[in-house]
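All chains are named by letter (A, B, ...) in the order of the sequence lines, taking the proteins before the strands, and each is independently numbered beginning at 1.
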There are 2 protein chains.
Amino acid sequence: MTTRLQNNGQSETKTKLVEAGIRLMRAKGYNATTVDDICGAAGMTKGAFFHYFKSKEDIARSAIESFRDGKSEEFQNAPFRKLEDPLARLHGRVDFVKASVGGPERLTKGCLVGVMAQEVSLTHPELRGLCQQAFARISEEVTRDLALAKDAYAPQTDFDPASVARFYVSIFQGSSMMAKASDTNTVLMDNMEHFRRYLNFLFAPANPASAK
Amino acid sequence: MTTRLQNNGQSETKTKLVEAGIRLMRAKGYNATTVDDICGAAGMTKGAFFHYFKSKEDIARSAIESFRDGKSEEFQNAPFRKLEDPLARLHGRVDFVKASVGGPERLTKGCLVGVMAQEVSLTHPELRGLCQQAFARISEEVTRDLALAKDAYAPQTDFDPASVARFYVSIFQGSSMMAKASDTNTVLMDNMEHFRRYLNFLFAPANPASAK
DNA sequence: ACGCACATACATACCAGTCGGTATGACAAC
DNA sequence: GTTGTCATACCGACTGGTATGTATGTGCGT
């Protein structure tokens, strides 16, 4: 309980290591990121690393959790969360995501969870579970707003809020991937608008028809 | 030009190596797949491997190209391609994708291009380019049908066929990722239905409004 | 003096890529 | 039709470097 422990009970060194791990794994993925890389980027030595983490998989675990909680908090504190209308909150979220990526040039760093999910799902079951959980958390947040908005504006329209929320997460993840491959953020921004339009359709006063 | 060369001018050994490479990289990604793995899975030795490929990156290149061309051909020969109406072809594509993944239980093996894009975009520029190109090819195919369908059914609706096509690719990729993380195909199948519904909205006779 | 936080050197394993070698078949010379 | 030459296809031990993880040490706060 001395100076080495800060706010949340984590040592500063450990925090720096996790942050470096997140940064590197977001860019290069899990396997291409070495422990030495992480130590170098964090300005620490291997001794420190293995003092806090029992393995590389262990820091990946911490990285996913920290990333998930950080993003979760970021969105929880975002201005759009203060909006009272649930549909407005959904639009606010879309705006927030678009604003977060900045412009078309400045590349998104991508989502750590997305990268990890593809790479380790079949080799590290525990990490796969964490990724799934991280996706679920976002999904649930969006589901809540969707359910409220549906009750308020489109109670008779036939759609499942949870399914639309997973659709949203998929769109975001797929867009991040395309952005990384195409070296521009335009796809991500465009796709957020497509999702917005989908919402507009779902919540249109006189909803034309359900799927096919 | 003897018996060792088959149909397309590729030796059978090389083909087997590439196929094993695709299989493994789809599952574990590029970095976690070792040359020995590939040789083992293909029933070949390192000697054969390095006879045909000058490096691991080299087979990754071949794998992406082969995967891209294989999928391209698979879709080109799919029954829905025979449909005359472009909008029907779009719906046919959605059906075809859903049918391809089988049921909710049987896991998709995921898209090689998607896995590679996340993992190597920032470290192997040439592979990134190949991934981008592979995405672009699907995207262009879908764009053609969307443009024709728009001309035929919704000429005054405000949407860009190319952008909607990229939206489709993103949805598919994001869905594959979620499927891998959640160990079920339901997300992928649900999301195809959401895309179908988006199409229905875009092509609805009396289109309500453009985005926001 | 004891444990925590970190540093350094080391052990071990593994992986991409190499290298010398062999088997096979095509073609030519005679 | 046998022998010699050459190229292609393939084999598998080996190497050099690098990765994860360990063993041991050291300073410091209490």
For A:R89 and A:L83, indicate whether the former's side chain and the latter's backbone hold a donor-acceptor pair under 3.5 Å.
->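 At least one qualifying donor-acceptor pair exists.
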Can you tell me if NZ on A:K109 sees more than 12 non-hydrogen neighbours from other groups inside 6.0 Å?
->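 For A:K109, atom NZ is not crowded (no more than 12 foreign heavy atoms under 6.0 Å).
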Partner of B:Y168 under ring pair (Phe, Tyr, Trp, His ring centres under 6.0 Å), chosen from B:F135, B:Y198, B:F195 |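 When B:F135, B:Y198, B:F195 are each tested with B:Y168, the ring pair (Phe, Tyr, Trp, His ring centres under 6.0 Å) holds only for B:F195.
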Do B:Y52 and B:S11 get their side chains close enough for a donor-acceptor pair, meaning under 3.5 Å?
->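 Their side chains do contain a donor-acceptor pair, which is all the 3.5 Å distance test asks for.
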Does A:K56 make a cation-pi contact with A:Y30, if we ask for NZ or CZ under 6.0 Å from the ring centre and within 45° of the axis?
->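 Yes, A:K56 sits over the ring of A:Y30.
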What is the distance from CG of B:N31 to P of D:dA19, rounded to the nearest Å?
->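 After rounding, the reported distance stands at 11 Å.
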For B:Q10 and D:dA9, give me the distance from atom CD to atom P, rounded to whole Å.
->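 Spelled out: CD on B:Q10 to P on D:dA9 is 12 Å.
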Answer whether the closest heavy-atom distance between the side chains of A:V187 and B:S170 falls below 4.5 Å.
->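 A:V187 vs B:S170: side chains touch.
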Name every residue in residues 44-59 of chain B that has at least one heavy atom under 4.0 Å from any atom of DNA chain D, in order of residue number, or write none if there are no such residues.
->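 Residues of residues 44-59 of chain B that come under 4.0 Å of DNA chain D are, in numerical order, B:T45, B:G47, B:A48, B:H51, B:Y52.
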For B:T13 and D:dC10, is the shortest distance between a side-chain N/O and OP1 or OP2 below 4.0 Å?
->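 Affirmative; the distance criterion is met.
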Tell me which nucleotide among D:dT20, C:dC6, C:dA16 gets nearest to the side chain of B:T34.
->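 From the listed options, C:dA16 comes nearest.
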